[in-house]
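To start, the structure under review is shown below, and the notes come after it.
These numbers come from the heavy atoms of this one structure, side chains and all, not from hydrogens, waters or symmetry mates. Indexing begins at 1, ligand by ligand and atom by atom, following the structure's order. On a predicted model such as this, the values are computed, not experimentally measured, just so you know.
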Amino acid sequence: MADDRLRGRAARIALNQPTKLQLQISHGGTEGRKLRTGAVSVSPLLRERFGSLDPRGGTGARHSRDSGVSAPRTPYLVLTYLSFQGTHPPAISSLDRPVQFLKGVGPGRAPLLQKLGLLTARDVLYHAPHRYEDASTITPIRSLSTGMDATIVGRVISAGVLPTRRGLRIFQAVVKDDSGMVECAWPGQPYLERVIHKGDLLLISGPVKFFHGRQIQPREFTVIAGEGETAAEEGGGAIFPVYPATEGLTHRQVRKLVHDNLDDLLRRVRDEDDALPADIIQRVEVEPLWKALDHVHRPASLQEAEQGRRRLAFEELFFLQLLHARARHRAVAERPGIAFERKDFLVKPFHRQLPFTLTAAQKRVLKEIGDDMAAPRRMNRLLQGDVGAGKTVVALFAMLRAVENGYQAALMAPTEILAEQHARTLTRLLDGLPVSVTMLTGRMGAKQRREAGFRIASGGAGIAVGTHALIQDSVAFDKLGLVVVDEQHRFGVKQRLALAEMGTSADMLVMSATPIPRSLALTLYGDLDVSVLDERPPGRRPVRTAVRFESARPKVLQFVREEVARGRQAYFVYPLVEESEKVDLKSATEEYERLKTEVYPDLRVALIHGQMHGDDKDEVMRAFSKGEVDVLVSTTVIEVGIDVPNATVMVVEHADRFGLSQLHQLRGRVGRGAEESFCILLAGGGEARERLQLFASTEDGFRIAEYDMRQRGYGDLFGARQTGLPDFRFADLEKDFNLLGRARTEARRIVDADPELERNPMLRRVLEERYGERARMYHVG
Ligand code: ADP
Ligand code: MG
């Protein structure tokens, strides 16, 4: 099929899309150059041409965090079609033309726009302001009085840097409107000389002070027009959108570019199909696309801007939920599951011999899991519970249910040590019951592994415990009925999908100790049903947490010594962050040497860190848990699941460099025995201290996580990249919680009625565009 409509047009093409094209490539803003004629398949060509380039550079994959722009992960190019052959014409519209076609974009500008991730007209349209200045509440300069907090608009009539006697350099500008003039002063910001010029029209807000007369000390300012220009010419109204900019391209220039082209671009949007079906737009009460974009760029009020954002946010959330709904359909509905019966000949005696009574939360969650398992569809459930909430026992109940039905159960842990720990715990708790526990990890010898593999394949192993070695191809279960994954967040999205593929009809229970707010859970694990263990087993003593200054170190060291003298063990934890890994590792190692030779020469001190070989790490950890090490110096490798009840002190160095959620995981390593435990955070002063004080005041993991997220954003909670949290441009998980729920409802409604999206080709196409490979995984049965 040759399609002449495409001739001369450009499109964004996912690099892995199997399409044959004759094409001309406009790349990196240089003039389009004809590279090939004749039909070529896209991927080899692109590999050949761009294989060696950093995807962040030339190929146009956009990851420009600071500009606030983010985009589909798939690298793409802007291509100009000469002719087209293939069965799937890529989505194409005049909005996909390169930016050079826009008004006001010459060859010089295009590379600058590319730096902002703007390659096509569509990119420009979606380049949303990162904030708005509200000029609708402007005070005339004449009416300013000391003590007010005001917003003014005025033109700069003089500007310059004034040195003061104390060496501080102040940038000053006198600003005038129709009613009068006022002095504005920016102490310590002499560089503003290069930003604010005589003749500029400024929007300024800040407190009015008295200093030889009225003076504003701007909290914020925006240059809304240059000399001789008015705000209207540059597209400003009562609300001034402020755009992400880059060096060589000011936000005003970006605004002008957007606004000069906006009407034209919006007309095309109107002509195109809106990606959202009309009935959803109506039910959810969001604006149609063109209107939302108009409101985002040219709002008459902040409310309008918000309405526009809300629509675009909904769309982002909706497509992710659509992806989840497809995954869920595949995992739960598409394949038959096992209807486990409540035979109880293992579950009952196990319950009777437990050395404690279950918490109410454990009972509730067990019922949810039990109902799922009894139903003929596959279970696909996330069990969330803070450290120490008692997830293992819950998982064990579920595994016994599978075993008493003649099936096998697998428990998978992220590390060897955790797998061993689980195997020990399970064996202990199952004492006297006719269930065998088999361990399989990558570290085991070939012979042992073969034996374990044989027990698993012959069905002799009722319960198999291991690392991801369990899901390797060479391991064939005889009759797998349930897969439990511990510390789910340690596994990436891919591994989770691989797991779902493992047993064709096995139920799946994934467990996570990272307390995350529900909105984030829905976003990350929207394809799963969620159970929450929100109650701690009784009788556990709180960990006493204290924040201390460096100056208290001698006392802290002495305290640790006393604890060790009483037979306890201690952790010293050092931060290790990627950016300064080498320096951090060096300081952790040096501190270890110092503790070992100078501070505690008489104690057994050991070091463990992430760069060590897995076997060596395990050996150190094992020695510590056997009590052969008194003081363990470590980087954060200990954070997951390690259980050493005799360790009662944790000293965290540079605590301010940790996220609170991470500290929470760390603190969970102490307070696991009968003795009182302590967590001592060493940190400097400043605002970090407030965070740490909050942390010290509570052991509620959810509260800590929510606070952490508000402070640091979702991404930092636990490497968002790895877990598949998308970079939303418009959606805000905290603010848009309700919208998220509706997105989920609508997405499930669509997939329930049309699982393959056959009757919704537009949705299917957009889904593929946005989520590329992941979306396709759900399309091929
Ligand atoms: P996590 O949720 O962090 O995996 P675990 O399952 O390891 O927690 O449980 C932590 C400890 O609490 C274990 O020693 C476990 O035996 C114990 N435990 C679990 N449930 C209860 C309960 N209902 N009452 C008392 N102790 C419990
Ligand atoms: Mg656990």
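Only the backbone of D386 comes within 4.0 Å of ligand 1, judged by heavy-atom distances. When heavy-atom distances to ligand 1 are checked against a 4.0 Å cut-off, L358 comes that close only through its backbone atoms N, CA, C and O. Neither the backbone nor the side chain of M511 comes within contact range of ligand 1; no heavy atom lies under 4.0 Å.
Using a 4.0 Å cutoff on heavy atoms, L533 does not count as a contact of ligand 1. Not a single heavy atom of G385 lies less than 4.0 angstrom from ligand 1. Heavy-atom separations between T357 and ligand 1 include at least one value shorter than 4.0 Å.
Every N/O-N/O distance between R672 and ligand 1 stays at or above 3.5 Å. For a threshold of 3.5 Å applied to N or O pairs, the pair formed by F356 and ligand 1 contains no separation below that value. Between G388 and ligand 1, at least one N/O pair is under 3.5 Å apart.
At a threshold of 4.0 Å, the pair D371-R381 does not count as salt-bridged, since none of the basic side-chain nitrogens sits closer than that to a carboxylate oxygen. Electrostatic pairing of R443 and E416 counts as a salt bridge here, judged by a charged N lying under 4.0 Å from a carboxylate O.
Checked by atom type, the side-chain pair D386/H664 shows a donor-acceptor distance below 3.5 Å. Side chain to side chain, Q569 and D630 fail the donor-acceptor criterion of an N or O pair below 3.5 Å.
Below 30°, between 30° and 60°, or above 60°: for F397 and F350 the angle between ring planes is above 60°, a perpendicular geometry.
Comparing L429, T392, L354 against atom 6 (O) of ligand 1, the shortest heavy-atom distance belongs to T392. Within the set K391, Q362, H422, the minimum heavy-atom distance to atom 2 (O) of ligand 1 is found for K391.
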